[in-house]
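Naming convention: chains lettered A, B, ... in sequence-line order (proteins, then strands); numbering from 1 in each chain.
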There are 2 protein chains.
Amino acid sequence: MTALASLRPIADSTLRGQTVDRLRDLIVSGQVGAGVRLTETHLAKALGISRGPLREAIRELVDIGLLVSQPYKGIFVRSVTRRDIEEVYSLRTALEQFAFKQCWAKRTPEALANLRARHRALTKVIDSQSDPFGAIERELELHGWCYEVSGHTLLQKSWTRLRPNLQFYFVMHQQAHGRLGPRREAHDVYIDRACGDDLEAMLAHLEDHMQQGLKTTITFIEAME
Amino acid sequence: MTALASLRPIADSTLRGQTVDRLRDLIVSGQVGAGVRLTETHLAKALGISRGPLREAIRELVDIGLLVSQPYKGIFVRSVTRRDIEEVYSLRTALEQFAFKQCWAKRTPEALANLRARHRALTKVIDSQSDPFGAIERELELHGWCYEVSGHTLLQKSWTRLRPNLQFYFVMHQQAHGRLGPRREAHDVYIDRACGDDLEAMLAHLEDHMQQGLKTTITFIEAME
DNA sequence: TGCGATTTGTCCGTATGTATT
DNA sequence: TAATACATACGGACAAATCGC
């Protein structure tokens, strides 16, 4: 991995791609709440584009899972059940364990320095206590490290698909609980193990880490049902 | 899992969905070879539909990975490298191991009978030696069992996305090597372990099984490079 | 129950941008 | 450089399905 990789994904040249980005950000930032219906004509007018590329962008977001489509009825921002969160966390555990197996031998000093830099960026944003949304992004950026270092393109794609859903959950959780964001020490062991020499210890910690994340994330569901 | 589940995915009501199915079958059956360029206007005329739903269907296949899109240049049927196959097999190993962990406690007698039925269907088609393409479908149907029984919808989706790519590789391999199809005894141990009581033994066998599958599948790449 | 309004799904014509020759 | 081919995008139109009255 080059240290410069994946700083900012360059803006897509096609209007469809740009619309995917705009809509995704709109949803995961919580600006359009879960369950809200989106009508093509209104949305197209609001975005200043025609229905063609908008429909294609919508299809992509449906595929990721952020939108759900009911033919001839409409498209809606996804609603979240307890089971959804449990499934994402369990699959994510398996994927991230696989990612660490794949990247374990590729952890160059530069790569590890990059990981620590991401951790510092996360704790810094948490300490500032002014940007909980940014903290969520930093946390996901931290977890993206193992996927990038793995060099496994298919695995990276899986993470790219999973990540917006996680971000959506986190933001929903945060909006339900006020300004929280991730805990400051939540990733200390994660970083230590990731930089250490015991792969099995890392894999075992991932189970705990995810279990803990699931428990805290899922609390906001209780209040909704 | 109900025994009747997932026999035939009902045909999609929208033209877009139907087109996705048609194009997917066209590609995984090998009727349009790897690397071939598809032009929208010609394809739309050939399919008897307009470019709107066709473009949406194409986007979906790009997302799955069967097509690759180069903006303003064109869309092409994917070409396969050795690395692609290695990545699919390694990720698939991780996913299928996870699937068996998830489904292990849910293996009712009915579910196990269903698994054995799929195995019988596979060996029967292999023995007939007249339908290698059907044999490939039956093999994938066999491997789909653990995903269905797991009851994990996200995991099932992952398999649904991975499966067409595998089918594409298998058919390419078969076309390069004449009428082969999967070996008859290749899944005997797989079935035994899946019906047994030792989860760890199943997981270990999956490593071997996939390693073996990778080795045989990858041979056709050698002849192309 | 039926009717009208709204929205999605689909088609077509046209214009523009990009790549290739 | 010009010309061709094609992907991309726009706008208008109609059909089909759904929903509310």
Side-chain angles (χ1 to χ4, degrees), chain A residues 9-27 31-79 157 160, chain B residues 9-27 31-79 157 160:
Chain A
I10 55 165
D12 199 308
S13 66
T14 71
L15 193 52
R16 158 180 33 84
Q18 297 170 20
T19 306
V20 169
D21 293 342
R22 291 178 65 181
L23 283 182
R24 179 174 35 67
D25 290 347
L26 229 63
I27 296 170
Q31 299 183 51
V32 284
V36 170
R37 177 177 188 175
L38 302 178
T39 63
E40 289 181 6
T41 46
H42 298 165
L43 196 54
K45 200 163 293 181
L47 294 173
I49 63 176
S50 67
R51 279 179 64 204
L54 173 60
R55 281 177 63 87
E56 296 178 25
I58 287 175
R59 280 304 128 195
E60 200 150 325
L61 293 172
V62 168
D63 217 62
I64 292 177
L66 290 180
L67 297 178
V68 292
S69 159
Q70 300 180 9
Y72 289 105
K73 287 187 179 176
I75 51 151
F76 307 83
V77 178
R78 70 164 304 174
S79 55
K157 269 192 199 171
T160 306
Chain B
I10 56 165
D12 200 308
S13 66
T14 72
L15 194 52
R16 167 190 62 256
Q18 297 170 20
T19 306
V20 170
D21 293 342
R22 291 180 65 181
L23 283 181
R24 180 174 34 65
D25 290 347
L26 227 64
I27 296 171
Q31 297 183 50
V32 285
V36 170
R37 176 176 189 175
L38 301 179
T39 62
E40 285 183 9
T41 47
H42 299 164
L43 196 54
K45 199 162 294 181
L47 294 174
I49 63 176
S50 69
R51 298 201 325 278
L54 174 61
R55 280 178 64 88
E56 296 177 22
I58 286 175
R59 278 307 130 198
E60 200 151 323
L61 293 171
V62 168
D63 217 61
I64 292 177
L66 290 180
L67 297 178
V68 292
S69 160
Q70 300 181 15
Y72 292 104
K73 284 187 181 177
I75 51 152
F76 306 83
V77 178
R78 71 164 305 175
S79 54
K157 267 192 200 171
T160 305

**Message:** Under a 4.0 Å threshold between the charged nitrogen and the carboxylate oxygen, would A/Arg59 count as salt-bridged to B/Glu60?
**Reply:** no
**Message:** I want to verify a distance call: between D/dA9, D/dC19, C/dT8, whose nearest atom is closest to the B/Arg55 side chain?
**Reply:** D/dA9
**Message:** By nearest heavy atom, map B/Thr39 and A/Pro71 onto DNA chain D; which one lands nearer the 5' end?
**Reply:** B/Thr39
**Prompt:** If you pin A/Glu56 and B/His42 to their nearest nucleotides in DNA chain D, which one's is more 5'?
**Reply:** B/His42
**Complete:** The reported gap from CG in B/Leu47 to CD in B/Gln18 (rounded to nearest 0.5 angstrom) is 11.5 Å
**Request:** Please determine, for the side chain of B/Tyr72, which listed nucleotide (C/dG9, C/dC12, C/dT18) has the closest atom?
**Result:** C/dT18
**Message:** Under 3.5 Å, is there any donor-acceptor pair linking the side chain of A/Arg51 to the base of C/dG9?
**Reply:** yes
**Asked** A/Glu40 and A/Leu54: which non-hydrogen atoms are nearest, and at how many Å?
**Response** O-CD2, 3.3 Å
**Request:** Whole angstrom is fine here: how far is it from CZ in A/Arg37 over to P in C/dT7?
**Result:** 7 Å
**Asked** Checking all strands, does B/Leu38 fall into the base, sugar-phosphate, or nothing category for heavy-atom contacts under 4.0 angstrom?
**Response** sugar-phosphate
**Fill in**
Per atom distances to the A/Ile49 side chain, the nearest of C/dT8, C/dC11, D/dC10 is D/dC10
**Request:** Please determine, for the side chain of B/Lys73, which listed nucleotide (C/dT10, C/dT20, D/dA9) has the closest atom?
**Result:** C/dT20
**Asked** What is the distance from CG of A/Leu15 to C1' of D/dC10, rounded to the nearest Å?
**Response** 10 Å
**Item:** A/Lys45 NZ to C/dT8 P, straight-line distance once rounded to whole Å
**Value:** 13 Å
**Validation row: B/Leu67, B/Val77 side chains within 4.5 angstrom (heavy atoms)** = yes
**Request:** Check every strand shown and say whether B/Arg16 touches a base, only sugar-phosphate, or nothing at a heavy-atom separation below 4.0 Å.
**Result:** sugar-phosphate
**Message:** Please report the distance, rounded to the nearest Å, between CG in B/Leu43 and P in D/dT8.
**Reply:** 13 Å
**Request:** Give a yes or no answer on whether the side chain of B/Arg37 reaches the backbone of B/Lys73 with a donor-acceptor pair at less than 3.5 Å.
**Result:** yes
**Request:** Starting from P on D/dA9, measure out to CG on A/Leu54 and report it in whole angstrom.
**Result:** 12 Å
**Message:** Of the options C/dC11, C/dT7, C/dG9, whose atoms approach the side-chain atoms of A/Glu40 most closely?
**Reply:** C/dG9
**Message:** Of the options D/dC10, C/dT10, D/dT8, whose atoms approach the side-chain atoms of A/Thr14 most closely?
**Reply:** D/dT8
